[in-house]
Amino acid sequence: QVHVVESGGGLVQPGGSLRLSCVISGITSDYFNIFSMGWYRQAPGKQRELVASRGSIGTTNYADSVKGRFTISRDNAKNALFLQMISLEPGDTATYFCNTVAGTWNWGQGTQVTVSS
């Protein structure tokens, strides 16, 4: 069974930085490597949105709201996905999740990011 665990969230002041991590267990690295992976976020009262994605060959895409501030990366050998976030804004406050860009696996618990002074 595939298990998704996100971590690295927290409370940060506007302008601060955080690095989120996600580890996928229950699959081999070769299988993980074939998927385009994404970071999603969901703020209270809003739908979950895809904010960043990275394909198996390195192609990246970002939502306009985070472009230039967020960087997605992956370590295929460790079944891991990362999101480096800088210049955080209150509008980035949300629970962050990782999954394939198709939402293939059961969603994890997510990691809470709160940007507030």
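All of these numbers come straight from a predicted model, not from anything done at the bench.
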*Atom CG in L11, atom CG in L18: separation rounded to 0.5 Å?*
9.0 Å

_W105 and F32 aromatic ring geometry - parallel, tilted or perpendicular at 30°/60° bounds_ = parallel

*Would you indicate whether the side-chain heavy atoms of I57 and T59 approach each other to under 4.5 Å?*
yes

*Give the C-alpha distance, both sets of side-chain angles, the deciding distance and a yes or no for side chain to side chain contact (heavy atoms under 4.5 Å, CB included) between S7 and L20.*
CA-CA 6 Å; S7 62; L20 307 183; over 6 Å; no

*asked:* Could you tell me if Y40 and R48 have a donor-acceptor pair between their side chains, going purely by distance under 3.5 Å?
replied: no

_What I want to check is whether the side chains of S117 and Q13 have a donor and an acceptor closer together than 3.5 Å._
no

_With heavy-atom distances below 4.5 Å as the criterion, would you say the side chains of S116 and P90 are in contact?_
no

*Does any non-hydrogen side-chain atom of L50 lie less than 4.5 Å from one of F97?*
no

*asked:* For G55 versus S36, what's the shortest heavy-atom pair and its separation?
replied: CA-OG, 3.5 Å

*asked:* Would you say CD of E89 has more than 12 non-hydrogen atoms from neighbouring residues, nucleotides or ligands within 6.0 angstrom?
replied: yes

*Do D92 and R69 touch side chain to side chain, with heavy atoms closer than 4.5 Å?*
yes

*V23 versus E6: any side-chain heavy-atom pair under 4.5 Å?*
no

_Give me the atom names and distance for the closest heavy-atom approach of A77 to S29._
O-OG, 3.2 Å

*Kindly determine whether L88 and F70 satisfy side chain to side chain contact (heavy atoms under 4.5 Å, CB included), including the steps that lead there.*
CA-CA 9 Å; L88 284 161; F70 289 12; 3.9 Å; yes

*same_hphob_cluster(Y62, V101) at 4.5 Å side-chain heavy-atom cutoff*: no

*Can you measure from CD1 (I72) to CE (M37) and round to the nearest 0.5 angstrom?*
8.0 Å

*Can you check whether T111 reaches T95 side chain to side chain, under 4.5 Å on heavy atoms?*
no

_Nearest 0.5 angstrom please: T28 OG1 to N79 CG, how far?_
7.5 Å

*Shortest non-hydrogen contact from G9 to V113?*
CA-CG2, 4.1 Å

*With side chains defined as the heavy atoms from C-beta onward, is the minimum distance between Q42 and Q47 less than 4.5 Å?*
no

*asked:* Side chains of N106 and Q1, heavy atoms from C-beta outward: is any pair under 4.5 Å?
replied: yes

*For K67, look at atom NZ and say whether over 12 heavy atoms of other residues, nucleotides or ligands are found less than 6.0 Å away.*
yes

*Drop me the distance from D75's CG to F82's CZ, to the nearest 0.5 angstrom.*
5.5 Å

*Can you name the closest pair of heavy atoms from G38 and L81 and give their distance?*
O-CD2, 3.7 Å

*To the nearest 0.5 Å, how far apart are OG in S53 and CG in N99?*
12.5 Å

*How far apart are the closest heavy atoms of S17 and S87, and which atoms are they?*
OG-N, 4.5 Å

*Distance from I34 atom CD1 to T100 atom OG1, nearest 0.5 Å?*
10.0 Å

*R41 and V66: CA distance, side-chain angles, deciding distance, side chain to side chain contact (heavy atoms under 4.5 Å, CB included) verdict*: CA-CA 11 Å; R41 69 184 180 189; V66 307; 3.9 Å; yes

